[in-house]
Structures are given as structure tokens and as C-alpha cells.
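Small disclaimer: the values here were computed from a predicted structure and weren't measured.
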Amino acid sequence: MSQLLNIDFVSDISCPWCAIGLASLLEALERLPAAVPVSLNLQPFELNPDLPEGGQDLAEHLTQKYGSTPEQQAAARATLYQRGAAVGVEFAPEGRGRIYNTLKAHRLLHWAALEHPERQLALKQALLQACHRDRLPMDADDVLLGAVDSAGLEREQAIELLAGDQFAEAVHEREAFYRQAGVNSVPTLIINQRYVITGCHPVEVLEQALGQIIATGQQA
């Protein structure tokens, strides 16, 4: 049997490059030999954990955090949309408008991984679409529940989870683990707890990197 690829995909819902990175990874995995078993684990990383309820204007946020100008932001969006189109990721033409706290979304993803791991990816994709394509408020329970419904998860359990702070501590522990391991930007891929790929790479680059990891494992 071929070596198992255990992939931890560390990312944030609010990160558009994470949406592209996940789509690129999935396409790269489809190009690998069918005999290669893959375990994909979606791990949390909050880029902006201190955002208040209701979020912040995105342009204002980017200017405050990175010092970017409107012209630089427009150029970055153009590049983002081009890269997204190449792997089927849709972005709202007018931009997101606002950026939101994503702790609730990460709590739901943690719950999905525990209760229905086979549906965690579907939930992640639904959350990314709601954020980047539909420009919905990602701290709103009705938006999050819509993603839960789309992924085929139990709505009543999700309502109960969102009503409290269940799994918040677990999410923070996972985030702290990755920060202590040196992760300071997303997306970051950690393969077999040994190989690290940072940033958003084209499908061909990921395919080649994964192929090399598989070959190295077979030779070991």
C-alpha cells in the first residue's frame, strides 16, 4: 500500500488565499495516483481574533493592519480574482465589504471533525463561499447555520453549540499549538507532521511537492 498522506491544512475562513489554497490542494490531490490514501484535516487559525461583533470595513482594516493604499488593494484583488478563477473559486465582484470574527466558524469546524469528519470539508467549503462569494456576515448565526445545512450536518446540535462557547478552548489550544510550531501565516500545509508548505501555490507546484513526499516515503 502507498504511504498515507496526512495533511493538516491550517487556515482561516476570512483569508481569501486560503480559499484558493484549499481548492488548489484538492485539485492537486485528484492528480495523485488513486492508490495514495489521504487524510485531510482542516485546522484553525484566526488572523484577526480581536475583531468585534459586526466586523470592520475591509478597506479600513487592510489599511490599518498592512498600511496598504486603495490602489494597492485593488491590484491585490485583481491578482486574487485571477488566481481564484483558475481553480474555480468565486469572489464577489464588488469585494467583501467587511471582515468578521471567525471563532464561531472554527468552533463549528472542530465539532464537525469530531462528530462527522467526512463532512468537515463540505462545511469548510460552504463557509468559504458564504464569506468570499456571497459576502455574508461570518459572525451571524443564521449564516453559519446555512453552511451547516449545506454540509448536511445536524442543525439543532449546531444551534446548541452556537448558543454557548463549546469548543472555543479547544480551538484556541490548536491555534496556540500551530503558532508555537512556527506557523504565522496561512494557508500552511503540514504533511505527515514533517513537511511544511507555506503560502498559496499553483496546483502544479503542490502536485510536484506531494509527489516528491510520496516518493521519499516509499524509499524510506
Kindly indicate whether the side chain of Leu109, heavy atoms from C-beta on, has any atom under 4.5 Å from the side chain of Leu127. yes
When you group the ILVMFWY residues by side-chain heavy-atom contacts below 4.5 Å and let the links chain together, are Leu29 and Val10 in the same group? no
For the residue pair Leu40 and Gln120, what are the closest heavy atoms and their distance? O-OE1, 4.4 Å
Decide whether Val186 and Val196 are clustered together by the hydrophobic rule: side chain heavy atoms of Ile, Leu, Val, Met, Phe, Trp, Tyr closer than 4.5 Å, transitively. yes
Heavy atoms, side chains only, cut-off 4.5 Å: are Tyr195 and Thr216 in contact? yes
Is there a side-chain contact between Glu173 and Glu169 (heavy atoms, below 4.5 Å)? yes
Just by distance, do the side chain of Arg83 and the backbone of Cys200 share a donor-acceptor pair under 3.5 Å? yes
Relative to each other, are the rings of Phe91 and Tyr81 parallel, tilted or perpendicular (30° and 60° limits)? parallel
Could you tell me the separation between the CD1 atom of Ile99 and the SG atom of Cys131, rounded to the nearest 0.5 Å? 7.5 Å
Under 3.5 Å, side chain of His110 to main-chain N/O of His106, donor-acceptor pair present? no
For the student: nearest non-hydrogen atoms of Cys15 and Leu47, plus distance: CB-CD1, 3.8 Å
Distance col, row Arg119:CZ vs Ser150:OG, nearest 0.5 angstrom, shows 12.0 Å
According to a hydrophobic-cluster definition based on side-chain heavy atoms being under 4.5 Å apart (Ile, Leu, Val, Met, Phe, Trp, Tyr only), do Ile191 and Phe9 belong together? yes
Looking only at heavy atoms, what is the nearest atom pair of Met138 and Ile13, with distance? CE-CG2, 4.2 Å
Sub-4.5 Å side-chain heavy-atom contact between Ser11 and Leu22: no
Look at the side-chain heavy atoms of Ile, Leu, Val, Met, Phe, Trp and Tyr, link any pair under 4.5 Å apart, and say whether Trp17 and Leu58 land in one connected group. no
Stepwise side-chain contact (heavy atoms from CB on, under 4.5 Å) test for Thr188 and Tyr178: CA-CA 10 Å; Thr188 292; Tyr178 287 111; over 6 Å; no
Shortest non-hydrogen pair, Ala28 vs Leu206, comes out as CB-CB, 3.8 Å
Examine the side chains of Thr63 and Gln73 and answer whether a donor and an acceptor come within less than 3.5 Å of each other. yes
Any non-hydrogen side-chain atom of Arg96 less than 4.5 Å from a side-chain atom of Pro16? yes
Arg174 side chain to Gln43 backbone, donor-acceptor under 3.5 Å: no
Donor-acceptor pair, distance only, cut-off 3.5 Å: does the side chain of His201 make one with the backbone of Leu25? no
Single-linkage hydrophobic cluster, 4.5 Å side-chain cutoff, Leu136 and Leu162 together: yes
Can you tell if the side chain of Leu32 reaches within under 4.5 Å of the side chain of Leu5, non-hydrogen atoms only? yes
Exactly one of Leu145, Val148, Leu108 should register a side-chain contact (heavy atoms from CB on, under 4.5 Å) with Leu153. Which one does? Val148
Is any side-chain heavy atom of Val183 closer than 4.5 Å to a side-chain heavy atom of Glu175? no
Under 3.5 Å: donor-acceptor pair, side chain of Asn48, backbone of Leu51: no
Minimum heavy-atom separation for Trp111 to Gln157, with atom names? NE1-OE1, 3.4 Å
Backbone N/O of Gln72 and side chain of Thr69: donor-acceptor pair under 3.5 Å: yes
Does the pair Lys104/Asp139 count as a salt bridge with the N-to-O cut at 4.0 Å? no
Taking Val87's backbone N and O only, do any of them form a donor-acceptor pair with Glu27's side chain (distance below 3.5 Å, no angle check)? no
Taken to the nearest 0.5 Å, the spacing of Asn101 CG from Gln56 CD works out to 12.0 Å
Are the side chain of Asn192 and the backbone N or O of Asn6 linked by a donor-acceptor pair below 3.5 Å? yes
Might you point out which heavy atoms bring Ala112 and Leu123 nearest each other, and give the distance in Å? CB-CD2, 3.9 Å
Spell out, as yes or no, whether a donor-acceptor pair under 3.5 Å connects the side chain of Arg98 to the backbone of Pro137. no
Side chain of Arg135, backbone of Gly95: donor and acceptor closer than 3.5 Å? yes
